[in-house]
**Student:** 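If you scroll down you'll find the structure; I have some questions about it.
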Amino acid sequence: MSAPLSRRARRGVTAASLSVVAILALPLTSCASGDASSSSESSGAGDEKSVTLVVHDSFPNDEFAAAASDATGYDVKVISAGDGGELTNKLVLTQGAPIADAFFGVDTIFASRLVENDVVEPYVPEELPEGAWPLAVPHSEGGPDAATPSYIERTGMVPVDHGTTCVNIDTGWFAEEGVAAPETYEDLAKPEYQDLTVLLDPTASSTGASFLVGTVEAFGEDGYVDYWQSLVDNGARIEQGWSDAYYGQFTQGGEDGTRPIVVSYASSPAFTVNEDGTESSTAALLDTCTQQVEYAGVLKGTENPDGARAVVDYLVSSEFQQMIPDAMYMVPVDDSAELPEAWAKFAPEPEEEQLHDLPPAEIEAGRETWLKTLGEQIGI
C-alpha cells in the first residue's frame, strides 16, 4: 500500500512532483520555510529582491521557494500559517500590515472574509489560464453569473487550483470484516459504522469546513446540526486537521489507525495505489463531495508589490500548474496541465449532480452561524 503523503499537513511533495522539478532542471536548494510568527524577520520588507509567500501548512514550501526563485529572479521565501481557516484569520488580523507579500491557500469557504476586510490588492495575472475564470465566483454578491474578469480585477482573488472534499473509505477493511461499505452521508450514522469515522473540526480546518457546507446543503440549516450530532453519537471522532485524521486515525494512513472512514478528497485514492498500479486500497464516496477552490493574491500593504505579483504569476504558470496534482492532490486551473494517469482510474471527480455545493453568497451569509451553532451543540 502506498499511502498519500501529507496533504493538509496537510500534504508534502511526492516523489513524482520532485521528479517534475528535476525534469524542469529547477534547483532543489531551497530557502528555509518558517512559521508565520517569524515573518517579520523573513518577509523581505525593504528588500526589493526578496519576496515572501504565506501559505496553508500543506504547501511544498521548500521546493516552491527554489523553483519560484529560479523562475522569477526574486529571492522567494515561503512561510506557513496553519490550515486554511487559520491562514485566513491571520491575514484578516494583519490587514494593511501583512505578514507576507502574497498568499496562497485560502479556499471557497473563507475567501469572502479577505474580500470583505479589504486584505487583497486587486491584481490579475496577464497569463491567467482560461480555466480559472469559471472558478472566480464572487463571494458576497452576484452569484455565478457575475463570475467575470471584472471580479478578479476588483478583488485580486486569483484561482490556482480546485478539488472536491469527499468521505474516503478503506475498501479492504470492509471486505475483510464482511461489512457493507457506506455510500452516503446517512450511512455514516448507522449502527454498523459505530466508532469507524473520523471527521475534521470545521472551525479549524478548511477541509472540515467544506464537509460542513456539504452537510448543510444535504440536510438544510434546520437539519445539519442533528446530522452531526448523530455522527458524534455514533462514535465519530473529530480531529483538528487533515493530517491528524488521515495519518493518525485512518486505517490506510498509518500503522496505528483504527478507523476506516475519513474525510479527505476525491483525488486521495490515486495516492493509495499498489506498486503494480492495478488497485487502490481506498475509495472516495462520490455522493458526499463538495467543491473547493484555492486562491492566491497580493496582500494589500506589501512593500514589494512587484515581487508579490511575480509570485502570483508563477502560481498560475504552466510550470507550477503541472506540479500541482502530485504536490497537492488538487486539480490545476490550467486545463492543459496533465493529470496523473492513476487519477482517471482511481480518482474520478464526482458528476455535477452529485456535488453538495452552495452558492458562495449563501456560504458567506451562513458560515459563522453554522460554525458557532455546531460548536455550541457538539462542543468543538
**Student:** Start with the C-alpha distance between V119 and L299, add both sets of side-chain angles, then the distance that settles side chain to side chain contact (heavy atoms under 4.5 Å, CB included), and finish with yes or no.
**Tutor:** CA-CA 6 Å; V119 172; L299 290 168; 3.7 Å; yes
**Student:** Mark yes when over 12 heavy atoms from residues, nucleotides or ligands other than E376 sit less than 6.0 Å from its CD; otherwise mark no.
**Tutor:**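 Yes - once you tally the heavy atoms of other residues, nucleotides and ligands closer than 6.0 Å, there are more than 12.
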**Student:** Run the numbers on T108 and Q291 for side-chain hydrogen bond (donor to acceptor under 3.5 Å, both in side chains), then give the verdict.
**Tutor:** CA-CA 8 Å; T108 311; Q291 189 176 62; over 6 Å; no
**Student:** Is there a donor-acceptor contact under 3.5 Å from the side chain of D326 to the main chain of P340?
**Tutor:**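 Flag not set: sc D326 to bb P340 has no pair under 3.5 Å.
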**Student:** In a check of ring-ring contact (aromatic ring centres under 6.0 Å, His included) between W228 and each of F219, Y185, F211, which one passes?
**Tutor:**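 One option only clears the test, and that one is F211.
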**Student:** How long is the gap from CD on E176 to OG1 on T251, to the nearest 0.5 Å?
**Tutor:**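 Reported value, rounded in 0.5 Å steps: 9.5 Å.
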**Student:** Tell me if a side-chain donor or acceptor on D226 pairs with a main-chain N or O of G223 at a distance below 3.5 Å.
**Tutor:**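 Flag not set: sc D226 to bb G223 has no pair under 3.5 Å.
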**Student:** Step through the shown structure and confirm whether more than 12 heavy atoms of other residues, nucleotides or ligands are within 6.0 Å of CD on Q354.
**Tutor:**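 Yes, enclosed.
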**Student:** When you compare the side chains of Q252 and T272, does any donor N or O come within less than 3.5 Å of an acceptor on the partner?
**Tutor:**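 Note: Q252 and T272 side chains miss the donor-acceptor criterion.
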**Student:** Flag yes if more than 12 heavy atoms outside E192 fall under 6.0 Å of its CD atom; otherwise flag no.
**Tutor:**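 Counting other residues, nucleotides and ligands, CD of E192 exceeds 12 neighbours.
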**Student:** Could you go step by step and tell me if N61 and S80 meet the side-chain hydrogen bond (donor to acceptor under 3.5 Å, both in side chains) rule?
**Tutor:** CA-CA 8 Å; N61 292 23; S80 300; 2.9 Å; yes
**Student:** Check the pair W242, S264 against side-chain hydrogen bond (donor to acceptor under 3.5 Å, both in side chains), reporting the backbone distance first and the verdict last.
**Tutor:** CA-CA 7 Å; W242 182 91; S264 194; 2.9 Å; yes
**Student:** What class does the angle between the rings of F59 and H56 fall in, given that below 30° is parallel, 30 to 60° is tilted and above 60° is perpendicular?
**Tutor:**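 The arrangement is perpendicular - the two ring planes meet at more than 60°.
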**Student:** CD of E126: more than 12 outside heavy atoms within 6.0 angstrom?
**Tutor:**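 Result for CD/E126: open.
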**Student:** Would L53 and V124 show up in the same hydrophobic cluster when neighbours are defined by side-chain heavy atoms closer than 4.5 Å?
**Tutor:**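 Yes, same cluster.
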**Student:** Anything under 30° is parallel, anything over 60° is perpendicular, the rest tilted; go ahead and classify F320 against Y314.
**Tutor:**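 Taking Y314 first and then F320, their aromatic rings sit tilted (interplane angle of 30° to 60°).
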**Student:** Determine whether F174 and I261 make a side-chain contact, defined as any pair of heavy atoms from C-beta on separated by less than 4.5 Å.
**Tutor:**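 Yes - at least one pair of side-chain heavy atoms lies under 4.5 Å apart.
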**Student:** Just wondering, more than 12 heavy atoms not from E338 lying within 6.0 Å of its CD?
**Tutor:**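 No.
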**Student:** Please determine, by modelled atom types, if N304 and T302 share a side-chain donor-acceptor pair under 3.5 angstrom.
**Tutor:**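 Distance-only check fails for N304 and T302.
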**Student:** For S210, is there any backbone N or O sitting under 3.5 Å from a side-chain donor or acceptor partner on T165?
**Tutor:**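 Not a single qualifying donor-acceptor pair exists.
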